[in-house]
Amino acid sequence: MPQTRSNTYARHMNQVDAVVVGSGPNGLAAAIVIAQTGRKVIVFEAADTVGGGCRSAELTLPGFQHDICSAVHPFAVVSPLFRSLPLAVHGLEWITPPVMVAHPLDNGCVACVYQSLAQTADELGSDSAAYRRLFGPLTRSWPNIEQSVLGPLKWPRHPIAMAKFGVRALQPAVGLARRVFGREPARALLGGIAAHSMLPLDMPPTAGVGLALNLVAHVGGWCFPRGGAQSLANALASHLQSLGGTIVTSTTIASVDELPKARAVLCDLSPRPLLRIAGHRFPPRFRRALERYRYGMGAYKVDWALDGPIPWRNPACALAGTVHLGGTLDEIAASERESWEGRHAAHPFVLLSQPTLFDPSRAPQGRHIAWTYCHVPHGSEIDMLPRIERQIERFAPGFRKRVIGRAVMQPADLERHNANLVGGDIAAGATTLGQLFTRPTWRTYSTPLRGLYICSASTPPGVGVHGMCGYFAARRALQEVLRD
Ligand SMILES: Cc1cc2nc3c(=O)[nH]c(=O)nc-3n(C[C@H](O)[C@H](O)[C@H](O)COP(=O)(O)OP(=O)(O)OC[C@H]3O[C@@H](n4cnc5c(N)ncnc54)[C@H](O)[C@@H]3O)c2cc1C
């Protein structure tokens, strides 16, 4: 189990090779990569549990285990680092729902992404062939492009495969969806998946986010850990400890000056909290570069305890781990643009997950949980609960009658929960083209201070639970300052 408070802290002074600040999936990943080489590593975590954006808790009622941040983990399943770790031995079990994501429309039809590409295409009617043409080659070439999609910018090992992906990826999702698909269900489906980018869908590289998330549904699946996101964080923490790593929870680092002496310090922090603990040590130019880093839209999150499953109008939605509620491509695009421009959409695009349909361990018998969020302007203080519930009722009439408990997190609550989520931005920085490959600065994982690294989702490849930011930051530290 992680140790708490600073008696442990004192014991480890002068005894470690590397210190990691923050135990999110990237912090734990970085610590594991360093511990795998036999070096001593210690992780300090402000919260009283490990996991950062990968934690679960009884947010509504006793016995209802909700995910506080991340709920569905497509990139964790395909992550080259996580795949290489014995996480099952440490209690991780992936649950794969029959449908990865369902996207209902007002006319009653539902577009679904299955793990099977053929089944997905077959249900898209006249867009079936276009879906196969788009995702068939991409899915087959995933082993050749995964390093580029889940890594920093560098010359790809398979330039032709990567160029085929990149040429589409660097487009706005709206343009790609309209060009490739002739009808609404397929267009809306791709638009909804691309909206995970938290950017207006007429901006590049939203197509890239949509394509990558859609194709990993076929390669690995939009899976979630049995018991909730916390099970993944616990498995990573347990593996780290089995390698000799130490985790100290309930310890907020106020300044890098108070850390044990170590050759490498890796901060699982986005630029704003990083500046708070290390800003006084950075040269003014680097400080200014971090201050210029752009955070994006916020999220308004709601969890429900329900006395039964969600009464979807179309039963196909009850087979899906994730449901996208926002109607047509144009509706979703309008809602995302409004949030980006500082307005609150009357009909926000809502991302919903319903894990207890496939993992009954997370609620009392016969009861269920649901997890949603919608995008709102950065730092928004507006109550979006009625609008979110209206969107669910639109496709599941009678939903509100099933509610027995609710927990809301506005952007300020998210930031209080985790300092990285500035203004409620769950991506730790906007994923605009300018910040996609050079996050948070052109130095990516490095800083001007020798031995001080950034390993959070504010570095490439960015948002999501995959640990690859931590992996690449740790590799850099191992090459530069932990060589002997
Ligand atoms: C509401 C929400 C929903 C999301 N949904 C998904 C999803 O479904 N799928 C997905 O893949 N991703 C999702 N994400 C994104 C995902 O959670 C993040 O991309 C991921 O957690 C980033 O990991 P990280 O290790 O970089 O940082 P974090 O997870 O942010 O971890 C940073 C850690 O550092 C700690 N910390 C901060 N300051 C200090 C300090 N001074 N001293 C000590 N510790 C400190 C924090 O407490 C935290 O534990 C979601 C995020 C949110 C907020």
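Atoms considered below: every heavy atom in the structure, side chains included; atoms not considered: hydrogens, waters and symmetry mates. One-based numbering, in listed order, for ligands and for the atoms of each.
Remark: the backbone N or O of His239 is paired with a side-chain donor or acceptor of Ser242 at under 3.5 angstrom. A donor-acceptor distance shorter than 3.5 angstrom exists from the side chain of Ser79 to the backbone of His466, with no hydrogens or angles considered.
A donor atom on one side chain and an acceptor atom on the other are found under 3.5 Å apart for Trp312 and Gln354.
In this structure, Phe358 and Phe224 have tilted ring planes: the angle between them lies in the 30° to 60° band.
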Report all N/O contacts between ligand 1 and the protein shorter than 3.5 Å as a table of atom names and distances to 0.1 Å; if there are none, say 'none'.
residue, atom, partner, partner atom, Å
ligand 1, 8 (O), Ala71, N, 3.1
ligand 1, 8 (O), Val72, N, 3.2
ligand 1, 8 (O), Val72, O, 3.2
ligand 1, 9 (N), Val72, O, 2.7
ligand 1, 11 (O), Val465, N, 2.9
ligand 1, 17 (O), Gly53, O, 3.2
ligand 1, 19 (O), Gly464, N, 2.8
ligand 1, 25 (O), Pro25, N, 3.2
ligand 1, 25 (O), Asn26, N, 2.8
ligand 1, 25 (O), Asp268, OD1, 2.9
ligand 1, 25 (O), Asp268, OD2, 2.8
ligand 1, 26 (O), Asn26, ND2, 2.8
ligand 1, 26 (O), Asp268, OD1, 3.0
ligand 1, 26 (O), Ala457, N, 2.8
ligand 1, 27 (O), Asp268, OD1, 3.4
ligand 1, 29 (O), Gly53, N, 2.7
ligand 1, 30 (O), Asn418, ND2, 2.7
ligand 1, 30 (O), Asn420, ND2, 3.1
ligand 1, 41 (N), Ile253, O, 3.0
ligand 1, 42 (N), Ile253, N, 3.0
ligand 1, 44 (N), Ala46, N, 3.0
ligand 1, 47 (O), Glu45, OE2, 2.7
ligand 1, 49 (O), Glu45, OE1, 2.6
ligand 1, 49 (O), Glu45, OE2, 3.0
ligand 1, 49 (O), Gly52, N, 3.4

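Proximity of Gln230 to Val50: side-chain heavy atoms (C-beta onward) are separated by under 4.5 Å at one or more points.
The number of heavy atoms from other shown groups lying within 6.0 Å of NE2 (His347) does not exceed 12.
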